[in-house]
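FYI, side chains are in, hydrogens and waters are out, and symmetry mates aren't considered; it's all heavy atoms of this structure. Each chain gets a letter, A, B and so on, in the order its sequence line appears, and its residues count up from 1. The structure presented is a predicted model; accordingly, all values stated were derived computationally and were not measured.
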Amino acid sequence: MARAARERSEQERGNGVADKGESTMSTQPAHGDATIAVSDELAARDDMIVCSDVDKWFGDFQALSGITATIKEQEIVVVLGPSGSGKSTWIRCINRLEAHQSGQIIVDGIELTNDLRNIEKIRSEVGMVFQQFNLFPHLTVMDNITLAPIWVRRKSRPEAEELAESLLERVGIPEQAQKFPGQLSGGQQQRVAIARALAMEPRVMLFDEPTSALDPEMIKEVLDVMEELARSGMTMMVVTHEMGFAREVADRIIFMEDGEIVEVGTPHHFFTEPAEERTKLFLSQVL
Amino acid sequence: MSDPRTPNRDASLSTLGTRPPFYRDATVVRWIAQVGTLILVLAAMWFLATEAGDSLRARGANIDFDFISDHIGIKVGWGIDTNPDSGGRALWVGMVNTIRMAAAGIALASVVGVLVGLARLSSNWPLRRLAGVYVEALRNIPLLVQILVYAAVLASLPNVSFGMGPIPGWVHLSNKGLSIPRVFVADGFYQWAVVMLIGGVIARVVFKRLATRREQTGMQTNAGAWATGIVAVFAIVGWWVHPVFGWLGSIFGGLSDAVGAIPQGAVQLVAALAAAAVAAWWIRRFLAQHRTPAGLVRLTDDDWFRMIFAVAAAAIVVLFVAVLWPGLSSWVVNSSSDGLGVLADKFGNGRTGAPIDAMRPDIVQPGNFPNYGPAGLNLPIGFAAVYFGVVFYTAAFIAEIVRGGILAVPKGQSEAAQAVGLRRSTALRRVILPQALRVILPPVGNQYLNLTKNTSLAIAVGYSDLVQIGQTVYNQTGKTLQVMAVWMLFYLACSLTISAAVNFFNIRLRIVER
Amino acid sequence: MTDPLPPAAPTALAAEPVGPTVSPPDRPSLPPGRWIRENLFPNARNSILTIFAILVALFAYRGLLNFTFSEERSWIAVRTNLRLMFTQAYPEHQYVRVWVAVGLVLVLAGLSAGIWARWGGVTLKRLMGWLMSGGGLVAVGVLIREPSVLTDAAGESVRDDAGELVRESFAAAMADRWVWWAVALVLFGIGLALWLRFEDLARRTIEIPVAWLVFGLPGLLVASTWVIRYGHYAFADGEFIAEPGELVAMSTRVPWTVMWLLLIGCYGIGRVARNRAIASAQAAAETSDDAEAAGDGVAGEGAPELPRGALAKTRTVVNLAWVLSPFFLYWVVMRDPEIDYAHVFSTMLPMGLAFGVAGSAVLWWLTRSDAGEVGRLAAIGLLLLAAFHWVAAFFGWYSMLQVARIAFLLLAVAGLLAPNFAGVAAQRRRLVGAWLFVVLLVFYGATVINAPSTIETPTDMFIGGFSVTLLVSVLTIMLSFPIGVLLALARTSRQPIFRVLSTVYIEVIRGVPLITLLLFFSGVLPLFLPDGMEIAELAAAILGYTLFSAAYLAENVRGGLQSIRRGQYEAADAVGLTTTQRTGFIILPQSLRVSIPPLVGQVIATFKETSLLAIIGLFDFLRMANSVIPNQSQFLGVRREGLLFISVVYWVVSFAMSKYSQRLEQRVGLGQR
């Protein structure tokens, strides 16, 4: 049944029919004959993020058109694509920083709608790491991390601080707790940002180009933390230009262009035998 | 494949594909809060207005604007008309005085401000320090105190006497103020202005032609000289021939009659239609912005609420204008007719005298003490006190803005100007100031606004500006609220005019820059 | 270990310690001759400018001196009326209240200065510059001032046959002014001696702590009143006392000395507390593993920073005291209310208890972790109930104490904020505690405000002059601040109706002159109030100022809000903060810090604008100088002296604030770490 769904042709996509029985099962390939080696083990897991036929406009500019994809629990998905292809918009829709206009996004069984309760719930289930870190510059690292656990997760301060210390340990900067973000290097700031997102104990982590604003020598320290996170079984969706990371860590790669999903596949498939011309062109430019 | 809904979901969350109840819908909640606030604000205003109406009725006063046309018998200390025949005329005298003060103040404050600002940046140590002392001293003392100090100092000047100076017969200075020769608009001015207007248009056409030819051929065409000459010729010839435009008077008279004949309710209808048209235009534009290339209009709930609110607001305005406010029509018709009537009178056929006249000041003695006669331009102490006050105070702020603006120009610019061999003054005029102007203009516009509003402090020294006369009018008639409404409208109009002017120049500067 | 999360609203203004101000090292000093050549006469054009500027300066200086020291001036009018100008006719036997009020402010000022202020220093070079130029100015002044008019034995000015005043000779004038020569010589001499004593580098590196100057100069002045015979002038029981050559009265000397000692003492206490906190933090840092944590990395130059979170409780208390002090000083200390205890025990106390207990219960219930929408709906219900009480008041349906209506409204606001505190017991307790404190304040305040004043004064206002100016400025700033912040938030909101309402309000208020607004509030406002509701003249004026100032404050805060990057909003959303939490914890603390300089500018503007009170007929500082003194029988028409005096006072206060804001601006600039 999954195979059948994957083999639906491109023409059928985007006709506005959200056939839940089929479309939530797995990502549709862009091309009918593309074979995607998603392991059966992965396919058997629960769905974590389900997008079906998601559209998003900014004024008259269509940023996302007919995005349909499913991300499984504990899966690592890397989204690639040229700039302006809608990658960031997509993952920002997944925790409702942007509202999509049609279609359905379901995260961990909760649909993203205008319902205040759902939004509240999603925000604490989905952690997000930004390209520009977006740490709160007027708070210390410790306060940055404990703010949301205390005020949203309703933890007591000592409890939250204990958690924060363990998370700082995990991202490798336990000694920086009392500094302000402006006193840290870019890589350290991004690791604090990851710790801040993890402090909410999310089920999914979204990364929006986490290394793009970093100097080259700092990229690795952030990628190491992300790899460690991936190994620990977190569901992750990563928009990045780090091909090495995509090749090493990703379970699946989604390639987007002009607000559409062009091709989906395992890293091996994607880097060695891409089916689409646009994918090949992109790879030839970045590799 | 499994159902994405895992069994241990929180039951309170809305299930897939259903709308949440309204009190949980983010958009609905936001709009409820907004409309609720709006209703609260409107209700509070309604309450207050009702209370005010009741209190006024209890005192036997009505909310009407009759005092504008009624004779109220007040005297105005200084202005275009010291014995206004109606409340409206009195307020008009005040407005003219305020505008005079503001315009003259803005002119001098700009000059002083720029000079002091430049002096603040001078390489000359004493000059820089002197300008610094000026700025720090003046901007840290309340303007009202400064005005009162000027008034107190000027009040100690000698009394008026015959043959007084400094230049007897031409310039007189005393504790009654300054008296100088007066140049004033006389009978034929408006016709003459029409002649000048025609001359100006022709001069502009000629100027453009010549300028274009110069650009194309490179030959010297003296466009500016030609244009000035044409205007001058028209001005001189117009001095005698202007009565030929007397017929414009009858045209305005006819227009006045025609406007006066507009049927009751027509204006109301037009206003209502205009409100509806604005709403329709807004919605069309809104929809056009949300039109996708595929021709579909994708609207969120929020968009729908916006459109509904726009329609509702327009409907209320239409209802208000068309049904609840019958007086609007006659008011607009009558006042426009009156305005055109005044123009008709100004152009009247009988006016054949010189367009501009002048008189020397005189000193008369109607009672026990000599005083300035009506012939000269008499600037009372109050005028001088307010004028010096607002000018020097505002100039201190303008100086700081100018200084900041020039410092904001990158240093490389003046170095580059020096490198291409411009002299310091030329570099300042041609390179630095034009760039600084973009930074300077908006805050200076704000200062112009402040200056205009600050002229209202004239009330403390008895200069007859709008606020001072307004206070006299409402003390006389009890129409406090109405006078305050006039104040508010006048000052808002001034603010809008100045902001519009500043924006206009700002946009022009930006275009020039490109 | 750290202090509570950054508080929203005013206390955020008490800026967290930020990096030290670093002044760029200046170039070595030039020798005087070269300095003059390079700065004054480098070329012909500049020489002309120099001469022009010096002539203008001398002309203005001479005019000011001649005016000030002219025989026609009657400065005695100002000296006699000093009390009147500052506190109006506050009764002599109650005057201790004024001193208590001043003393309390000085206590707070001393403590704050000790705990927070990192004063920095003035380099020796600048100090010497001030001394020498001060001496020079005095000397030049002595030279250029016109000679005094000769007086005859009766003290009348001598006139010649033509009726012109006869002045003494130049030489005699110079000899007569020996005191001023001495002053000039002493000032210049000290400066010169220091100049010669120290090397150029030392002059530029040795720093005199600013605190010495700020506390020392007033100290010298206070001490001099015990020695120098300034003369004793006063109005006592309507009697005009003029005793030149006497010491200042005991009733002035003693309190000022006490005030100065209080200031110094509290500064010392604050200083000690600060040093101990720093020492203990350093000790803790040395014993713990991460030595970096406490030192904050910036220590080294200047005074060490107060460690984060140290003295948190003290700081909160001092901040709160600052906020409450104007109300307390005006309504309790200065006004001496006569409290009707029967009413308190029969009505206010039970009502306050009821609100305290019932409100706490409601808030405790609203902050359950599972309150959800039911809680929100209940809070909205409370709001409607509170609003209904006001509507009923307008229509006169039933009577209710005003304080109860206010308490209902506050409870509704607390209820709306409650969801942000839901969950953990500590936070719920914090909310309930805050509520109890607010109830206490409101009911105590209502009792005090409704109690009649026992101060006997000839006018219906028991204070006047500078104290009214100060009261109106302070209350205006404090009341308009929250309104301004709300307006700014509404104006930058994405909700169209909020935005439009706020924009219309701000632009209309900014479009009209303040005086028209004040005339409206002092003259017409009573028309708008329901029957039986009255508003005091001063309250109406403060309302007018507040609404006016709020519009301008809103624009300043908006500038700060617009400087916050979008990412901050997104990050706050992404971690799940509510809109209120996002605004209070993330957006406002950052944006207010950016808007501090324009906000201080607005404070200065408000202070200056209070002079308009004189126009609407209140007895403020300006009115005293402009109308009251010139109408006294002893000093008929003496106006210019008073105006000059108040100009100086206004100038000193405004200038000090603007200098402070410039320092803040530099610090804020560096604070972006």
**Q.** Close side-chain approach of C/V56 to B/L127, heavy-atom, < 4.5 Å
**A.** no

Q: Counting only heavy atoms closer than 4.5 Å, note whether C/N46 contacts chain B via side chain, backbone, both or neither.
A: both

Q.
Is B/Q471 close to chain C through its backbone or its side chain, or both, or neither, when contacts mean heavy atoms under 4.5 Å?
A. side chain

Q: Below 4.5 Å from any heavy atom of chain B, which atoms of C/L612 appear? Answer side chain, backbone, both or neither.
A: both

**Q.** Part of C/V524 within contact of chain B (heavy atom distance under 4.5 Å)
**A.** side chain

Q: Flag the one option from B/A493, B/A313, B/P142 with the top tally of heavy-atom pairs under 4.5 Å to chain C.
A: B/P142

(Q) If we define contacts as heavy-atom pairs under 4.5 Å, which of C/I54, C/T610, C/L622 has the most with chain B? (A) C/L622

Q) By a 4.5 Å heavy-atom criterion (distance strictly below it), what part of B/M488 contacts chain C: side chain, backbone, both, or neither? A) both

Q | Region of B/V41 in contact with chain C, defined by heavy-atom distances below 4.5 Å | A | side chain

Q) So which part of C/I646 gets closer than 4.5 Å to some heavy atom of chain B, the side chain, the backbone, both or neither? A) side chain

Q: Could you pull out all residues at least two apart from C/F388 that satisfy ring pair (Phe, Tyr, Trp, His ring centres under 6.0 Å)?
A: C/W397

Q) Roughly how far apart are C/R640 CZ and B/S156 OG, rounded to 0.5 Å? A) 4.5 Å

**Q.** Per-residue contact mode, B/Y134 against chain C (heavy atom under 4.5 angstrom)
**A.** neither

Q: Of all the heavy-atom pairs spanning B/R306 and C/R494, show the shortest one and how long it is.
A: NH2-O, 3.6 Å

Q: Tell me, for B/R129 versus chain C, whether the close heavy atoms (under 4.5 Å) come from the side chain, the backbone, both or neither.
A: neither

Q.
Shorter than 4.5 Å, heavy atoms on both sides: which option in B/T37, B/T480, B/V467 has the most such pairs with chain C?
A. B/T37

**Q.** Closest heavy-atom pair and its distance - B/I141, C/S647
**A.** CG1-O, 3.9 Å

Q. Closest approach of C/P513 and B/S456, non-hydrogen atoms and distance?
A. CB-OG, 3.3 Å

Q: For each of B/L144, B/V149, B/V133, tally heavy-atom pairs with chain C at distances under 4.5 Å, and name the one with the top tally.
A: B/L144

Q) For chain B, which residues from residues 495-502 of chain C lie under 4.5 Å away (heavy-atom distances)? A) C/Q495, C/P496, C/I497, C/F498, C/L501

Q: Please flag which part of C/S611 lies under 4.5 Å from any non-hydrogen atom of chain B: side chain, backbone, both or neither.
A: both

**Q.** Nearest-0.5 Å distance that lies between atom CD1 in B/I32 and atom CD1 in C/I380
**A.** 8.0 Å

(Q) By the ring pair (Phe, Tyr, Trp, His ring centres under 6.0 Å) test, which pairs, at least two apart or in different chains, include something from residues 21-43 of chain B? (A) B/W31-B/F305

Q. What are the two closest heavy atoms between C/A57 and B/L130, and how far apart are they?
A. CB-CD1, 3.7 Å

Q.
Report which part of C/R376 has an atom under 4.5 Å of a heavy atom belonging to chain B: side chain, backbone, both, or neither.
A. neither

Q) At a heavy-atom separation under 4.5 Å, does B/V153 approach chain C through its side chain, its backbone, both, or neither? A) both

Q) For B/T452, is it the side chain, the backbone, both or neither that has a heavy atom under 4.5 Å from a heavy atom of chain C? A) neither

**Q.** Max heavy-atom pair count under 4.5 Å with chain C, selected residue of B/L148, B/L38, B/T50
**A.** B/L148

Q) With a 4.5 angstrom heavy-atom cut-off, which part of C/E507 approaches chain B: side chain, backbone, both or neither? A) backbone

**Q.** Set of residues satisfying ring pair (Phe, Tyr, Trp, His ring centres under 6.0 Å) with respect to C/F520, sequence neighbours excluded
**A.** C/F528

Q) When rounded to the nearest 0.5 angstrom, what is the spacing between OG in B/S123 and CG in C/L49? A) 8.0 Å

Q: Look only at the side chain of B/W487 and the backbone of C/L517, and say whether a donor-acceptor pair between them is shorter than 3.5 Å.
A: no

Q. Is chain C contacted by the side chain of B/L492, its backbone, both, or neither, given a heavy-atom distance below 4.5 Å?
A. both

Q.
A quick test of your reading: do over 12 heavy atoms of other residues, nucleotides or ligands sit less than 6.0 Å from CZ of C/F59?
A. no

Q | Euclidean distance, B/N124 CG relative to C/F52 CZ, rounded to 0.5 Å | A | 10.5 Å

(Q) What verdict does the side chain to side chain contact (heavy atoms under 4.5 Å, CB included) test give for B/I459 and C/I615, after you've listed the backbone C-alpha separation in whole Å, the side-chain angles of each residue and the deciding distance to 0.1 Å? (A) CA-CA 8 Å; B/I459 194 173; C/I615 296 182; 3.7 Å; yes

Q: To the nearest 0.5 angstrom, please state how far the CG atom of C/L514 sits from the NZ atom of B/K453.
A: 9.0 Å

(Q) Pair B/Y393, C/K608 - check side chain to side chain contact (heavy atoms under 4.5 Å, CB included), show working. (A) CA-CA 12 Å; B/Y393 185 73; C/K608 288 189 293 177; 2.9 Å; yes

Q.
Measuring from atom OH of B/Y491 to atom CD1 of C/I515, what distance do you get when rounded to the nearest 0.5 angstrom?
A. 10.0 Å

Q | Under 4.5 Å from any heavy atom of chain B - which part of C/L519 | A | both

